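Note that the structure is predicted; figures quoted are calculated from it, not measured.
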Amino acid sequence: MYGAPTSVDFIRDEPNRMVAAYNSAHCVVYDLESGKPMVRLETTQEVDNNVMGRQINCVVAHPTLPLTITAHEDRHIRFFDNTTGKLVHSMVAHLDSVTSLAVDPNGLYLLSGSHDCSIRLWNLDNKTCVQEITAHRKKFDESIFDVAFHPSRPYIASAGADALAKVFV
C-alpha cells in the first residue's frame with residue numbers, strides 16, 4: 001500500500017505505537033495491538049510548488065515529546081507532530097542525502113549522518129547545527145550509513161561505506 005518500508009521506530013511516549021517510513025515518502029504511526037494505522041504524517045504535501053518528502057531513509061521518534069523526525073533523500077530533515085500528523089519544521093540539513101538520525105537519551109540533541117561524508121549535531125530547541133564532523137570517505141557515492149548516541153556517556157558513533165565504525169568523544 002505504501003511501498004517498501006525503509007525504517008521503523010517505537011514511540012516512547014506512546015508505548016502501544018510505532019512509526020514506519022517508506023520508500024514512497026509515506027510515514028505512518030501504527031497501533032501495535034491492532035496493527036492499524038493511527039496517523040499518517042503529512043510527508044507528501046506540496047509546498048511552494050515543490051513536492052516534499054522524497055524517499056525517507058530513516059525515522060526516529062523523540063524520547064519524550066510526541067514528535068517524529070525523518071531523514072530524506074532530498075537532503076531534508078523534517079519534524080512531525082504525532083498527534084495531528086502535521087509538519088512542524090523542515091530544514092535542508094546536508095549537502096547530500098540524509099541517511100541516518102539519532103536523538104540523545106535526554107531529547108535535547110539530534111545527530112544526523114549523510115552521504116556528504118559528515119555527521120552533524122543539532123540543538124533540538126532551535127534546530128541549529130552546533131557541530132559538524134567530516135567522519136567518513138565516500139565509496140561508490142555513499143558515505144555514512146548510521147549514527148548513534150551512547151545511552152549514558154558523552155559518545156557519538158558512526159558507521160560508513162569506507163568500512164569504518166568510529167566513536168567520537
Are any of the side-chain heavy atoms of [X] and [Y] separated by less than 4.5 Å?
{"X": "W122", "Y": "I77", "result": "yes"}
{"X": "S7", "Y": "I56", "result": "no"}
{"X": "T64", "Y": "D13", "result": "no"}
{"X": "V29", "Y": "V19", "result": "yes"}
{"X": "L110", "Y": "L101", "result": "yes"}
{"X": "H94", "Y": "S118", "result": "yes"}

*Only one of V88, I69, L87 passes side-chain contact (heavy atoms from CB on, under 4.5 Å) with R78; say which it is.*
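Testing R78 for a side-chain contact (heavy atoms from CB on, under 4.5 Å) against V88, I69, L87 leaves exactly one candidate, L87.
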*Can you say whether the rings of H89 and F79 are parallel (under 30°), tilted (30 to 60°) or perpendicular (over 60°)?*
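Plane angle between 30° and 60°, so tilted.
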*Indicate the ring-plane relationship of Y2 and Y22, choosing parallel, tilted or perpendicular according to the 30° and 60° boundaries.*
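Rings of Y2 and Y22: tilted, as their planes differ by 30° to 60°.
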Kindly compute the distance separating [atom1] ([X]) from [atom2] ([Y]), expressed to the nearest 0.5 Å.
{"X": "I156", "Y": "H150", "atom1": "CD1", "atom2": "NE2", "value": "13.0 Å"}
{"X": "K127", "Y": "S90", "atom1": "NZ", "atom2": "OG", "value": "11.5 Å"}
{"X": "E42", "Y": "C27", "atom1": "CD", "atom2": "SG", "value": "12.0 Å"}
{"X": "T128", "Y": "R120", "atom1": "OG1", "atom2": "CZ", "value": "12.0 Å"}
{"X": "L121", "Y": "C129", "atom1": "CG", "atom2": "SG", "value": "7.0 Å"}
{"X": "F149", "Y": "N106", "atom1": "CZ", "atom2": "CG", "value": "10.0 Å"}

Heavy atoms only: give me the nearest [X]-[Y] pair and the separation to one decimal.
{"X": "T99", "Y": "C58", "result": "O-CB, 3.7 Å"}
{"X": "P151", "Y": "P105", "result": "O-CG, 3.4 Å"}
{"X": "N82", "Y": "V39", "result": "O-CG2, 3.4 Å"}
{"X": "D96", "Y": "S114", "result": "O-OG, 3.2 Å"}
{"X": "G85", "Y": "F80", "result": "O-CD2, 3.9 Å"}
{"X": "L108", "Y": "D104", "result": "N-OD1, 2.7 Å"}

*Counting heavy atoms not belonging to Y109, are there more than 12 under 6.0 Å from its OH?*
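Open.
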*asked:* With a sphere of 6.0 Å drawn around CZ of F168, does it hold more than 12 non-hydrogen atoms of other residues, nucleotides or ligands?
replied: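 Counting neighbours around CZ of F168, more than 12 heavy atoms of other residues, nucleotides or ligands fall under 6.0 Å, so yes.
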Single-linkage hydrophobic cluster [X]~[Y], side-chain heavy atoms < 4.5 angstrom:
{"X": "V60", "Y": "V98", "result": "yes"}
{"X": "V8", "Y": "Y30", "result": "yes"}
{"X": "V59", "Y": "M38", "result": "yes"}
{"X": "L41", "Y": "I11", "result": "yes"}
{"X": "V130", "Y": "I133", "result": "yes"}

*Does D9 use its side chain to pair, donor to acceptor, with the backbone of A61 at less than 3.5 Å?*
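Answer holds: yes.
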*Return yes if some donor-acceptor pair links the side-chain N/O of S143 with the main-chain N/O of H115 below 3.5 Å, else return no.*
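Answer holds: no.
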*Distance-only polar pair, side chains of D74 and H72, donor-acceptor under 3.5 Å*: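 No, no side-chain donor-acceptor pair sits under 3.5 Å.
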*N23 and T6: side chain donor to acceptor below 3.5 Å*: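 No, no side-chain donor-acceptor contact under 3.5 Å.
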